[in-house]
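Below is one structure; the comments refer to it alone.
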Amino acid sequence: MADQEVQIKFSELDLSADILSALDAMGFVSPTPIQAAAIPHLIEGKDLLGKAQTGTGKTAAFSLPLLSKLNLDQRKPQAIVLAPTRELAIQVAAEVKNLGKNIKGLKVLEIYGGASIVDQMRALKSGAHIVVGTPGRVQDLINRDRLHLDEVATFVLDEADEMLNMGFVDDVTWIMEQAPETAQRVLFSATMPPMLKNIVQRFLRNPEHVDVAGKNHTVDKVEQQYWVVKGIEKDEAMSRLLETEETDASIVFVRTRQDTERLADWLLARGFKAAALHGDIPQSQRERTVDNIKQGVIDILVATDVVARGLDVPRITHVFNYDIPFDVESYIHRIGRTGRAGRKGKAILLVRPNQIRMLRTIERVTKSSMEEIQLPLRDKVAEARLVKLGAELEAEKEHKAVEKFAELVEKLQESLEIDAATLAAILLKRQQGKRPLFYVGADPMVAAIERDKQRRKERRDNPREGGREGGRSFNNQDWDTYELQVGRDQGVQVKDIVGALANELGLVKGSIGAIKLAQGQTYVQLPKAMNSETAGKLAKLRIRQKEVGAVVSDFDDFRESRGGRGGERRGNGGGYRGNREGGRGGEGHRGRREGGHRGSRDGGNGGNGGGYRGNREGGRDGNREGGNRDGERRFDRNRGGDNRGNYRGERGHGRRTNSSES
């Protein structure tokens, strides 16, 4: 297969001109083994069973034939791709769009729980050539008669084993039954468990078998480490790592275009030679940026996944995952940017505590283990700066102009009436710029780690005391309460609040206190010790396109609710395991069912009558879109993980009528 990979070129495969031009523009000449083996069969229309590990290029393997055979005049979907998680669905759809960027009028639609089903129905009505979706939402839209499969020519199951691991076997089987008899069926999986073999035997007709499973060698060449985000913000963490690691050139991976610009600007302002790289930058400028890092004009690329695929710069010694990727395949592509030309590379991942499960998934799939590291304290960073400065000065000692500068030193001593040591100190102070050569006082990271330890101890000692609706202390010593001018009346949920604070302000889990969602406003505890940059972002914060107008408030009545934050309802069984951040995490955890609770299907009220099977995506059968049934407002995945205040018999009111209020 190695010889085949070298010999075969995309131009030799029966792909359309639009596809070949897109591949050429992206710098892709030869297919990967899975692509070389699968594409000819798929173009012929044969069913296919592909056994391929993540990171082998299977998305393009099934996408390229699909795109080559599209009829752009057909409004109904011609291809359905099922993926286990919303994050993977988004990623696959993005890659399909990128590969088909030269196909005028191409419509690729991603559909998944946790987003507006109304918007997705509207998009389907206006037509879509390829639909990429998660099983729960796909099934819901078929049942609502909004997604029609009668003209589907190709049906793809991606990461099929992971889909079954997450409990989607019934959903997948049901959806496959709706597909036309004539549709080509394609299934990709890293493993072949018995349950999957049953689906293969039942639905695939004389499939071609393609097996390129085996160890992905990218991870062999790269040393992998991770740091659990706590104590300081990620920007500061990046600065410490970049200054203390022995780097030549680096890529820092973030999730969004906006983050590439913001972080690159932040690093530039602190003296790093950095540049942003994302899909909206014109091709000529992207090429110039890549050339700049090759030539040493810049040392750090802050990039999104798509633009960095295939990037080959031998200088790159380090890959920093500022944001954890949505899936393992992206992670493998990312770390493959280092360890080039036979050299050893290094990859460091910044991971939030609620993302540890995704980290373990990466380790399991790549058959590797990551070493947990601690950031260097800032005094160590200052020492590293002084050592670097010393080395630079050492190199200047013999410079022929030094004598002339010595004369200037004497003149300045006379005019300022100071000795040489004081003058040298003044010049050092100017030299340090925004990178201090020493610090005064304790490193805030130490204090924050101690606070974290203390909070964990308090939770162990007082597990039932009031907290952030399930554990967090309400003491006001460390917190200010802010009133945000958005609430239930504006359709805002707890997950929106948490997501905005985490993503826009960069606050970590331990830096968001209690949250109380009311009709027209929301109260949230935030740290007293916010820096000016974070406070500035809070002042401009928007949630669901609405300015929140945050003001400090004396509200302190957080104790009323006992449900778990953002979807974990203790005692009511409606919470969803593994995604307590109200749907913000990107891990697609086992048991989550796109945000749902295993056995309770998408967070339906498990303790209030078993959460009835079939209440997927916020409830059908008389309970659509969180509608009322028997006076009980059920958890609705489309509305996110907000259960706070949605109590039995509440009918949309934010107040709990319990014994303390009766």
Side-chain angles (χ1 to χ4, degrees), residues 114-119 466-470 472 474 476 479-505 507 511-527 530 534-569 574 581-584 603 618-619 624-628 631-658 660-662:
S116 166
I117 198 167
V118 177
D119 291 347
R468 176 148 129 247
E469 312 230 73
R472 181 80 63 223
F474 291 114
N476 292 317
W479 307 97
D480 281 327
T481 298
Y482 288 83
E483 181 181 322
L484 313 182
Q485 310 309 312
V486 290
R488 278 203 187 84
D489 289 347
Q490 289 77 35
V492 169
Q493 306 139 38
V494 171
K495 72 156 191 175
D496 297 320
I497 306 292
V498 173
L501 294 172
N503 297 330
E504 305 302 324
L505 272 64
L507 294 178
S511 297
I512 304 172
I515 297 174
K516 171 72 175 185
L517 200 62
Q519 294 301 104
Q521 63 277 340
T522 300
Y523 300 99
V524 57
Q525 287 184 324
L526 298 175
M530 273 198 296
T534 307
K537 289 177 185 173
L538 177 62
K540 299 174 187 170
L541 185 65
R542 298 172 73 88
I543 295 177
R544 292 210 171 181
Q545 289 77 52
K546 299 178 180 68
E547 289 187 11
V548 303
V551 292
V552 176
S553 167
D554 58 2
F555 178 89
D556 65 354
D557 186 18
F558 291 102
R559 297 179 184 279
E560 168 188 323
S561 301
R562 286 289 183 196
R565 172 177 146 231
E568 188 198 338
R569 287 180 69 168
E581 296 278 328
R584 188 167 56 83
R624 293 201 178 182
E625 302 282 11
N628 227 320
E632 178 184 303
R633 180 170 171 180
R634 292 179 182 266
F635 177 94
D636 172 8
R637 182 172 65 227
N638 300 329
R639 300 173 63 87
D642 172 22
N643 272 312
R644 201 143 326 138
N646 295 348
Y647 295 95
R648 195 164 178 164
E650 166 207 313
R651 291 184 176 272
H653 295 292
R655 237 172 106 259
R656 180 182 184 182
T657 53
N658 60 17
S660 64
E661 294 182 340
S662 55

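A donor-acceptor pair under 3.5 Å is formed between the side chain of Q525 and the backbone N or O of A514. No donor-acceptor pair under 3.5 Å is formed between the side chain of R488 and the backbone N or O of G520. Side chain of T522 to backbone of V486: a donor-acceptor contact under 3.5 angstrom is found. Remark: side-chain polar atoms of N503 are paired, donor with acceptor, to backbone N or O of G499 under 3.5 angstrom. Between the side chain of R544 and the main chain of G491, a donor-acceptor pair closer than 3.5 Å is present. Remark: the backbone N or O of G114 is paired with a side-chain donor or acceptor of K495 at under 3.5 angstrom.
For the atom pair K537 NZ and K540 NZ, the distance stands at 10.0 Å (nearest 0.5 Å). Once rounded to the nearest 0.5 Å, the distance linking CD of E547 with CG of L541 reads 9.5 Å. The CG atom of L501 sits 10.5 Å away from the CG atom of D496 when rounded to the nearest 0.5 Å.
Considering only residues two or more places apart in sequence or on other chains, K546 meets the salt bridge (Lys or Arg N to Asp or Glu O under 4.0 Å) condition with none of them. Under the salt bridge (Lys or Arg N to Asp or Glu O under 4.0 Å) criterion, E504 pairs with no residue, sequence neighbours left out. For E483, the side-chain contact (heavy atoms from CB on, under 4.5 Å) criterion is met by Q485, Q521, Y523, V551, S553, not counting sequence neighbours.
Closest approach of S511 to P527, counting heavy atoms only: O-CD, 3.1 Å. Residues L517 and V494 share a closest heavy-atom pair of CD2-N, 4.1 Å.
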Exercise. For L526 and D480, what are the C-alpha separation, side-chain angles and deciding distance, and is it a side-chain contact (heavy atoms from CB on, under 4.5 Å)?
Worked result: CA-CA 6 Å; L526 298 175; D480 281 327; 5.9 Å; no
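When side chains are defined from C-beta on, L484 counts as touching V524, because their heavy atoms get closer than 4.5 Å.
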